[in-house]
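Below, read A as the first sequence line, B as the second, and so on, with proteins coming before strands; counting in each chain starts at 1.
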2 protein chains.
Amino acid sequence: MGTDFNQPLPLPGSYQPASPADSFDVCTGLQTPVDVVMIDIDLLLTWGATYKKLEPGEIIFREGTEGHFYHQVVSGSVHWLNVDDEGSEFLQEIIGPGESFGEFPLFDGQPYAATAVAGKESVVIRLSKHTFLQLLHDNPCIHMSFTRLLTERLRFKFLLLKELSCANPEHRIATLFDHFKKARKNICSKCNRVNITRQQIADMTGLRVETVIRSIRNLQEKGTVVITKGKVYC
Amino acid sequence: MGTDFNQPLPLPGSYQPASPADSFDVCTGLQTPVDVVMIDIDLLLTWGATYKKLEPGEIIFREGTEGHFYHQVVSGSVHWLNVDDEGSEFLQEIIGPGESFGEFPLFDGQPYAATAVAGKESVVIRLSKHTFLQLLHDNPCIHMSFTRLLTERLRFKFLLLKELSCANPEHRIATLFDHFKKARKNICSKCNRVNITRQQIADMTGLRVETVIRSIRNLQEKGTVVITKGKVYC
DNA sequence: GTCATTTTATGCGTGTGATCATAAATAAGA
DNA sequence: TCTTATTTATGATCACACGCATAAAATGAC
């Protein structure tokens, strides 16, 4: 399933060097409108970042391995998930364009806490640990916005943990939808369509597909959401 | 239950000003050995931080209210928890000496994600939002260690979420114990005694007391933990 | 268009943790 | 010491999500 990039250094030809000329012109077609850009792409490139186009399902790094890079999604999406021995998945987060992922190892030296997989055809840019930390050190404002991203994620985890532990399936799903609404992630910007499968909702809430399907139908009957042609609008 | 400190400014006489002379001498008796100090107390004091002695059960701030201060535990402990309408609690974290808490609002402007309550007789130091952000801006190294704390917390939340959603009660509890072992929090430093009640373990894992008690007994039968006089050693 | 694959949908028996009741053991205070 | 409150312990019943089977609907490839 895809190439394994858990090397201290990029494989030859995998991540493209950022020569001033070509830069991202090659993948303009993939670029989607981004409302929140973690770190400016051009800035990353001047600091020597490299990028790579990924096929759907391609693994970027695996849970438990050492991390030496800062990663940021340029276009497409990255699924950040845990897979246990029995094969059951927990989808921690779906990372959209402009967002970073897999930063923990850069700060605490521990291995990756989850596996990162390209959800669709995506472009990911990355920067070596040392360079990234230097960048943060030199740019307090960037560091501040990075801290903000971390706190927002932590806030969401707080909320989800609370719900996961106390609430019934419907509450869990509603909480997830609220998060989507706020983050405007995985939802068409024009409409309110939830753009992920019920299986993925199950993976993010710790429920089973059948339970998710049944709960969403209950939510519809209560008028909380609208279902058209199997798609959920909230 | 305690005084409410959710005011934009400290109540008169509540948080003590940090005059150079007395500073923390008044509460030396409360100070416990700290292995990890988020931000040096003296530095905080030079930046105009104020502190306060809290009785057990005293509320520091409430979930849903606005946050204008950076908080750090000097001595004792602070419980960071969610309480829902039906009164059921979820204990997000137990904050020990040297650790900060309730920082989300400082960065994203949203209300507190959880309520902070003094677990035992404690001393908490706090700094205004503006001053704290300035401090971070001026001290990249402190900002870096702060980021590290955030990532460590986020990592633990990742782990717990994964467990909460997938695993059985015994796994959940074992995960929590692992976290304690790593953080050496809420455990006697000399021995391995788990120093929190089963009710609190239940509050942190989303289980019921009875389930926790039964699960821990199962863990004992398997040799994973040792129980002496009702106390758990792991 | 047809066919294959994925996603959504529904029924039904089972298992497990929640819930309630009750009691023993430990801790805390006078 | 005795008394009270808190924590731990155990049994019995029940609700609810799980897990499996099966099928319909939607999506995608050709």
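- Taking atom CG of residue Asp203(B) and atom C1' of nucleotide dT7(D), one finds them 14 Å apart after rounding to whole Å.
- Rounding to whole angstrom units, CD of residue Gln220(B) and C1' of dA9(D) are separated by 12 Å.
- Counting to the nearest Å, the P atom of dT13(D) and the CZ atom of Arg214(B) are 14 Å from each other.
- The CD1 atom of Ile227(A) sits 17 Å away from the P atom of dT7(C) (whole-angstrom rounding).
- As judged by a 4.0 angstrom heavy-atom cut-off over every strand, Arg217(A) is placed among residues touching the sugar-phosphate backbone only.
- If you measure from atom CD1 of Ile196(A) to atom C1' of dA26(D), you get 18 Å, rounded to the nearest angstrom.
- In this structure, of dC18(D), dG17(C), dT7(C), it is dT7(C) that holds the atom nearest to the side chain of Thr197(A).
- Distances shown here put a side-chain N or O of Arg198(A) below 4.0 Å from the OP1 or OP2 atom of dT8(C).
- Taking every side-chain heavy atom of Glu210(B) into account, dC20(C) is the closest of dA9(D), dG19(D), dC20(C).
- Between Thr211(A) and dC18(D), a side-chain N or O to OP1/OP2 separation shorter than 4.0 Å is present.
- With respect to the salt-bridge test (charged N to carboxylate O, under 4.0 angstrom), the residues Arg217(A) and Glu221(A) qualify.
- Residues Glu152(B) and Arg148(B) are paired through a salt bridge, judged by an N-O separation under 4.0 Å between the basic side chain and the carboxylate.
- When distances are taken from the side chain of Arg208(A) to each of dG19(D), dG17(C), dT19(C), the shortest belongs to dG19(D).
- Partners of Gln92(B) by side-chain hydrogen bond (donor to acceptor under 3.5 Å, both in side chains), not counting sequence neighbours, listed by chain and number: Asn82(B), Lys157(B).
- Ring geometry for His71(B) versus Phe61(B): interplanar angle of 30 to 60°, hence tilted.
- Nucleotide dG17(C) holds its P atom 15 Å from the CD1 atom of Ile213(B), rounded to whole Å.
- Nucleotide dT8(C) holds its C1' atom 11 Å from the CD atom of Gln199(A), rounded to whole Å.
- Counting heavy atoms from C-beta on, the side chains of Arg153(B) and Leu149(B) come closer than 4.5 Å.
- Taking atom CD1 on Ile173(A) and atom P on dA17(D), their separation rounds to 10 Å, with Å as the unit.
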